[in-house]
There are 2 protein chains.
Amino acid sequence: MDSATAREQALDAAESLFYGRGIQSVGMDDIRGASGVSLKRLYQLFPAKEQLVEAYLERRDVRWRGRLAEYVERQADPERRILAVFDWLEEWFGEADFRGCAWINSYGELGARSERVAGQVRAHKRAFREYLASLVAGAGLPDALTGPLFLLAEGAMVTAGITGSARPAAEAREAARSLLAVR
Amino acid sequence: MDSATAREQALDAAESLFYGRGIQSVGMDDIRGASGVSLKRLYQLFPAKEQLVEAYLERRDVRWRGRLAEYVERQADPERRILAVFDWLEEWFGEADFRGCAWINSYGELGARSERVAGQVRAHKRAFREYLASLVAGAGLPDALTGPLFLLAEGAMVTAGITGSARPAAEAREAARSLLAVR
DNA sequence: ACCGTAGGAGAACGCTCGTTCTCACGTCAA
DNA sequence: TTGACGTGAGAACGAGCGTTCTCCTACGGT
């Protein structure tokens, strides 16, 4: 197995375990067991657990925002695109392994202790907010709408995570629709 | 020192440490050091750490909702009361030791592993949502407003926690004002 | 065939931490 | 005074886990 595939398999295992069970409760040995990558190799690829955590969050960030953008950009109408964000959230919340927002959860777990993790969470949220801002601008709507839309989305993520229901996405979408209607 | 005061001091220390640094990174010995309550006594009062965690969350829940209600009920006008929730959030976010919502953080840390903690988080959020519902009903507004207001508040809490800024409260309040204006 | 190197399995090390135990002290009832 | 008891300080125990080390195997180049 070459380094690139070992790295991918390690990250696959890390993502499913860290996201599903939390970061602190998953040991490097669990990653080894789930990935088939030996401890020696793991430590060659990621000199410490924290770097594996960072790589996990980074790869997930790229994929998460990519999936969202791909979904949203299927819509041609600029205002529909904004609402499509909430449709996508609803799909995501309904996935079998959904356990809330990985960054919000990681922040709760490590935000107070790891400045690097906290920084990645802030960067991810900033990027998501800027993406929303670009959709708002693309629809010719006032930038002041971005904040409320972002808060609705964050509220939906955290609530869906805690309750395990996809319903907050629909509530947030309807609220967003009202806000868009006000102008 | 009698049992009641020992218990209070233990909970005071637990609250400031758990909330400030996260639950898993605070040891029972840290609680002992900060509270002056010996380990023996701590284990008499709380037979295991998890029960101290539960007692911390429970006492904080009562106090948090009490402080909110006390603030909100200073307003006579029923619609003002709804907006006062967001004013109170802004005050809370501005406190020096503010580190986000204790329940959201705890859920990120332990929600996947401790069903009891997860249950307390759900109960707290349900109670907060029901309080909002009572304010909405008191203002004679449609119950469908409760969900959006709740999501705005949750989004503000999580965003304020991550960014360390009180601004999300103002954004949420303005969005709430728009939603109330729509009817 | 031989050697050097990389890699795997898993033991070992060191630290943290939840929990319990030891021991010495002070208190209070008889 | 004495002895049973509760308590505090802190050592001790045992488990978990991040990280490193040992030892053995396999393979690639000469």
Side-chain angles (χ1 to χ4, degrees), chain A residues 1-57 105-106 108-117 120, chain B residues 1-57 105-106 108-117 120:
Chain A
M1 194 198 311
D2 69 353
S3 285
T5 42
R7 189 185 160 89
E8 283 308 293
Q9 284 185 231
L11 284 172
D12 289 346
E15 177 152 10
S16 105
L17 292 173
F18 286 158
Y19 178 66
R21 302 185 356 213
I23 292 168
Q24 310 205 57
S25 77
V26 171
M28 291 299 275
D29 205 59
D30 297 320
I31 306 278
R32 180 190 60 77
S35 66
V37 176
S38 72
L39 279 180
K40 188 172 240 172
R41 209 96 183 265
L42 275 179
Y43 277 93
Q44 279 173 5
L45 295 163
F46 308 97
K49 186 183 180 183
E50 182 164 20
Q51 306 189 34
L52 176 58
V53 172
E54 287 168 27
Y56 145 64
L57 288 176
N105 291 344
S106 300
E109 230 183 312
L110 300 172
R113 258 194 311 181
S114 165
E115 196 42 55
R116 298 181 65 94
V117 168
Q120 274 185 288
Chain B
M1 194 198 310
D2 69 354
S3 285
T5 42
R7 189 185 160 89
E8 284 307 293
Q9 285 185 230
L11 284 172
D12 289 345
E15 177 154 11
S16 104
L17 291 174
F18 287 159
Y19 178 66
R21 298 184 1 211
I23 292 168
Q24 310 205 58
S25 77
V26 171
M28 293 298 274
D29 204 59
D30 296 321
I31 306 277
R32 179 190 60 77
S35 66
V37 176
S38 72
L39 278 180
K40 187 169 240 171
R41 208 85 127 147
L42 275 179
Y43 277 93
Q44 277 174 4
L45 296 164
F46 308 97
K49 186 184 181 184
E50 181 164 22
Q51 306 188 36
L52 177 57
V53 172
E54 286 167 28
Y56 145 63
L57 288 175
N105 290 345
S106 301
E109 229 182 316
L110 300 171
R113 258 193 311 179
S114 165
E115 197 41 56
R116 298 180 66 92
V117 168
Q120 274 185 288

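Naming: A, B, ... by sequence-line order, numbering from 1 per chain. What's counted below: heavy atoms across the whole structure, side chains too, no hydrogens, waters or symmetry copies.
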Who are the salt bridge (charged side-chain N to carboxylate O under 4.0 Å, His left out) partners of B:Glu50, not counting sequence neighbours?
none

What is the distance from CD of A:Gln44 to C1' of D:dT20, rounded to the nearest Å?
13 Å

For A:Ala34, check side chain to side chain contact (heavy atoms under 4.5 Å, CB included) against everything at least two apart and list the hits.
A:Ala13, A:Leu17

Can you check whether B:Gly27's main-chain N or O pairs, donor with acceptor, with B:Lys49's side chain at less than 3.5 Å?
no

Got a donor-acceptor contact below 3.5 angstrom from the B:Gln9 side chain to the B:Ser35 backbone?
yes

Can you build the contact string for nucleotides 10-19 of chain C? Use B for base contact, S for sugar-phosphate-only contact, and - for no protein heavy atom under 4.0 Å.
--------SB

Would you mind listing every salt bridge (charged side-chain N to carboxylate O under 4.0 Å, His left out) that reaches into residues 9-26 of chain B, with sequence neighbours excluded?
B:Asp12-B:Arg59, B:Glu15-B:Arg59, B:Glu15-B:Arg60, B:Arg21-B:Asp30

Closest contact, heavy atoms only, A:Ser3 versus A:Leu45:
O-CD2, 4.1 Å

Residue pair B:Val26 / B:Gly22: nearest heavy atoms and the distance that separates them:
CG2-O, 3.3 Å

What parts of residues 4-20 of chain B reach DNA chain C, counting only heavy atoms under 4.0 Å away?
none

Distance, rounded to the nearest Å, where A:Arg41 contributes CZ and D:dC21 contributes P
19 Å

The helix from C:dA1-D:dT30 to C:dA30-D:dT1: angle between end helix axes, five pairs per end, rounded to 10 degrees
10°

Under the side-chain hydrogen bond (donor to acceptor under 3.5 Å, both in side chains) test, which residues partner B:Thr5, sequence neighbours left out?
B:Asp2

Nearest whole Å is fine: how far is D:dT19 C1' from A:Leu45 CG?
15 Å

Please table the atom pairs, donor to acceptor, closer than 3.5 Å between any side-chain atom in residues 36-44 of chain A and protein atoms at least two apart or in another chain.
residue : atom : partner : partner atom : Å
A:Ser38 : OG   : A:Arg41 : N            : 3.3
A:Arg41 : NH1  : A:Met1  : O            : 3.3
A:Arg41 : NH2  : A:Met1  : O            : 2.6

Set of residues satisfying salt bridge (charged side-chain N to carboxylate O under 4.0 Å, His left out) with respect to A:Arg113, sequence neighbours excluded
none

In chain order, what residues pass the salt bridge (charged side-chain N to carboxylate O under 4.0 Å, His left out) check against A:Arg7, with sequence neighbours excluded?
none

By salt bridge (charged side-chain N to carboxylate O under 4.0 Å, His left out) - contacts of B:Arg32 (at least two apart):
B:Asp29

Could you run down the sub-3.5 Å N/O contacts of the protein with nucleotides 14-16 of chain D?
none

Any side-chain to backbone donor/acceptor pair from B:Glu109 onto B:Gln24? Under 3.5 Å, distance only.
yes

